[in-house]
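Below is one structure, written out as structure tokens, with a few remarks after it.
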Protein chains: 2
Amino acid sequence: MGAIPSTHSLSPTPGTLADQVFLRLREAIVSGDLMPGERILEPALAARFGVSRGPLRDALARLAERHLIERPVHQGARVVTLSFPKLIDLYHAREALEGMACRLAAERAPEATLEALAALLDEHEQGAALHAGAAYVQDEGDLDFHFRIAQASENPALIPILCDQLYHLMRLYRRTFVAQGRRSTTALREHRAIVDAMRERDGAFAEQLMRRHIAKARRNIEDLYAAQLRAVDTGEE
Amino acid sequence: MGAIPSTHSLSPTPGTLADQVFLRLREAIVSGDLMPGERILEPALAARFGVSRGPLRDALARLAERHLIERPVHQGARVVTLSFPKLIDLYHAREALEGMACRLAAERAPEATLEALAALLDEHEQGAALHAGAAYVQDEGDLDFHFRIAQASENPALIPILCDQLYHLMRLYRRTFVAQGRRSTTALREHRAIVDAMRERDGAFAEQLMRRHIAKARRNIEDLYAAQLRAVDTGEE
DNA sequence: TTTTACCGGTTTGTTGACATTATTGCCCAG
DNA sequence: CTGGGCAATAATGTCAACAAACCGGTAAAA
């Protein structure tokens with residue numbers, strides 16, 4: 001459920017080799033198969049993917065452009081290293097971009113798209129009722145919701161930034177900073193309010209709701225992190 | 001004055017060959033040396049830059065990731081084609097991102113940075129008085145102002161998007177859609193108001209002012225474009 | 001006359017090999 | 001025993017050559 005339907009599942013010719021390597025490598029990074037900070041050896045990876053270093057380097061150049069890897073000169077490539085401040089920075093960017101995406105979607109998106117969004121929230125509600133506490137699928141569902149709103153904005157300047165860059169970084173961070181506990185039910189309510197505003201075509205209000213929603217999530221993470229720091233500071237380990 | 005101080009002008013080793021080709025090629029595209037929509041022949045460009053196709057393809061992969069060129073499979077690379085709707089989309093993205101950058105800069109940036117911003121506006125005022133009507137330097141100055149605010153946000157998620165992606169696309173569009181007439185003096189006043197709010201550390205207000213400033217510029221362009229369309233429609237040519 | 005198939009030339013995507021640079025292990029001095 | 005310098009090793013950046021795919025023109029067929 002969810003994930004990225006960007007490639008329309010064309011099996012015979014998924015494009016060039018470099019494209020395939022790019023996709024597989026990105027998935028390997030985001031899914032945690034390659035750990036953050038881990039060194040990437042070109043010969044080893046090329047052999048693992050069964051291609052030469054040419055297409056691999058092409059893919060590495062693209063991934064570096066999307067900040068999923070870092071490539072200091074003559075020192076090879078490393079998976080990007082994560083940090084809490086960077087995660088907070090990400091949330092600030094999301095607040096601005098997804099707020100605007102929400103406004104544009106509310107103003108422009110066809111009725112059917114907004115209906116589909118509402119239907120998606122129904123699914124999430126049932127999913128939450130069924131296997132309650134399955135934080136992973138909840139998180140994926142949350143990202144899926146935001147992902148679809150970005151696409152509904154129909155703004156080709158916003159969509160790539162959100163869907164091709166920030167979205168994957170978020171998935172990477174979620175795997176690492178597992179924190180963010182029981183916010184799913186209240187988050188679902190906020191999602192409802194956002195979609196309601198969009199269906200009323202109130203772009204300004206929808207933007208405000210989305211921004212508050214993301215800011216709330218950010219503050220939640222900041223609090224959890226601060227508490228964690230305090231526990232480590234005063235306590236054991 | 002102006003331009004991008006990203007590379008700290010290190011003459012001996014400006015990095016790898018691919019880096020140099022990337023920078024030169026980006027400049028060639030943004031400066032109009034390579035026209036929008038123009039096909040890019042790899043052997044020809046490689047010869048022109050005096051390198052092999054390897055580093056060139058590396059640079060092409062990066063430029064494609066930044067949406068400065070398009071690379072359909074097996075059909076070579078073309079400089080991105082411009083359109084008026086895309087420009088409007090850009091302005092929406094800028095409104096969101098630069099608004100947030102402005103808020104963060106107002107809250108975080110050191111006092112000296114804000115003073116430097118005010119000083120920059122003084123320069124712009126004198127420049128406008130001196131060679132009044134030199135639209136080119138005014139535009140460059142305007143971009144420089146926005147560029148510096150992005151950096152003052154100190155948010156490594158926002159800065160690359162604005163400074164490495166949108167900024168260069170803006171330069172490219174300004175060369176093509178030359179319109180935007182006498183908005184420089186009123187724009188300068190708006191810049192002043194923004195910096196004033198920042199110096200008062202009023203992040204929310206600074207964000208609002210920046211967003212209105214960019215939205216105003218967008219509407220100005222939209223009006224000019226609509227008028228231009230009407231003239232073509234009813235008139236000659 | 002228009003459409004379609006073909007074919008040569010060109011370009012791209014890919015590969016393997018070469019030179020330069022960083023990293024690792026080792027040896028020796030302190 | 002520890003730390004610094006040095007050589008061997010391995011990796012990166014780059015280049016030139018190969019194979020598959022596209023483009024244009026030509027000619028045959030409807």
Side-chain angles (χ1 to χ4, degrees), chain A residues 7-8 10-26 28-29 33-81, chain B residues 6-8 10-26 28-29 34-81:
Chain A
T7 50
H8 313 346
L10 258 162
S11 44
T13 308
T16 161
L17 267 189
D19 291 333
Q20 303 175 33
V21 172
F22 170 79
L23 292 177
R24 291 177 62 181
L25 200 45
R26 183 178 69 178
I29 293 173
D33 197 350
L34 293 170
M35 291 301 290
E38 180 176 343
R39 176 117 185 246
I40 291 179
L41 290 308
E42 295 186 5
L45 259 191
R48 171 172 159 187
F49 285 149
V51 300
S52 113
R53 282 178 52 217
L56 179 77
R57 284 181 62 83
D58 192 302
L60 289 180
R62 295 194 231 170
L63 289 170
E65 214 60 36
R66 296 193 184 180
H67 303 282
L68 280 174
I69 66 174
E70 292 168 349
R71 284 212 307 178
V73 269
H74 287 289
Q75 293 183 40
R78 312 188 83 88
V79 179
V80 70
T81 64
Chain B
S6 63
T7 50
H8 313 348
L10 259 161
S11 43
T13 307
T16 162
L17 268 190
D19 291 332
Q20 304 176 32
V21 172
F22 170 78
L23 292 177
R24 290 177 62 182
L25 201 45
R26 183 179 68 178
I29 292 174
L34 292 171
M35 291 300 291
E38 181 176 342
R39 176 115 185 247
I40 292 179
L41 289 308
E42 295 185 4
L45 259 192
R48 171 172 158 187
F49 285 148
V51 300
S52 116
R53 281 178 53 215
L56 179 79
R57 284 181 62 83
D58 193 302
L60 289 180
R62 295 193 231 172
L63 289 170
E65 214 60 35
R66 296 194 182 179
H67 304 280
L68 281 174
I69 66 174
E70 294 169 349
R71 283 212 309 178
V73 268
H74 287 290
Q75 294 181 39
R78 312 186 84 88
V79 179
V80 72
T81 63

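Letters A, B, ... mirror the listed sequences (proteins, then strands); counts begin at 1.
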* Mind listing the residues from residues 67-81 of chain A sitting with a heavy atom below 4.0 Å of DNA chain D? Number order is fine. => A/His74, A/Gly76
* Asked: Going by number, which of residues 40-52 of chain B have a non-hydrogen atom under 4.0 Å from DNA chain C?
  ->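 By residue number: B/Ile40, B/Leu41, B/Glu42, B/Pro43.
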For [X] versus [Y], what's the shortest heavy-atom pair and its separation?
X	Y	result
B/Gln20	B/Gly15	NE2-O, 3.9 Å
B/Leu56	B/Ala46	CD2-N, 4.1 Å
B/Ala61	A/Ala61	CB-CB, 4.4 Å

Just how far, in rounded Å, is [atom2] of [N] from [atom1] of [X]?
X	N	atom1	atom2	answer
B/Leu56	C/dT14	CG	P	16 Å
A/Asp58	C/dT14	CG	P	8 Å
B/Arg53	C/dT11	CZ	P	10 Å

Is there a side-chain contact between [X] and [Y], using heavy atoms and a 4.5 Å cut-off?
X	Y	result
A/Ile29	A/Glu38	no
B/Leu45	B/Val21	no
B/Leu25	B/Leu68	no

* How many angstroms lie between atom CZ of A/Arg57 and atom CZ of B/Arg57, to the nearest 0.5 angstrom? ->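 It is 12.5 Å, given to the nearest 0.5 Å.
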* Asked: Using a cut-off of less than 4.0 Å, is there contact between a side-chain N or O of A/Thr16 and OP1 or OP2 of C/dT12?
  ->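 Answer no for this pair, as no side-chain N or O of A/Thr16 is under 4.0 Å from OP1 or OP2.
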* 5' to 3' on DNA chain D, which nucleotides open and close the contacts with chain B (atom under 4.0 Å from a heavy atom)? ->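 Contact boundaries, 5' end first: D/dG13 to D/dC23.
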N/O donor to acceptor pairs below 3.5 angstrom from side-chain atoms of residues 71-79 of chain B, sequence neighbours left out:
residue : atom : partner : partner atom : Å
B/Arg71 : NH2  : A/Asp58 : OD2          : 3.4
B/Arg78 : NE   : B/Gly37 : O            : 3.3

* Under the side-chain contact (heavy atoms from CB on, under 4.5 Å) test, which residues partner A/Val80, sequence neighbours left out? -> A/Glu70, A/Leu82, A/Lys86, A/Leu172
* **Residues B/Leu63, A/Glu65; criterion side-chain contact (heavy atoms from CB on, under 4.5 Å); working and verdict** => CA-CA 9 Å; B/Leu63 289 170; A/Glu65 214 60 36; over 6 Å; no
Could I get a table of every N or O pair under 3.5 Å where one atom is in the protein and the other is in nucleotides 5-10 of chain C?
none

* **Pairs satisfying salt bridge (Lys or Arg N to Asp or Glu O under 4.0 Å), at least one member in residues 44-56 of chain B, at least two apart** => B/Asp33-B/Arg48, B/Glu42-B/Arg53
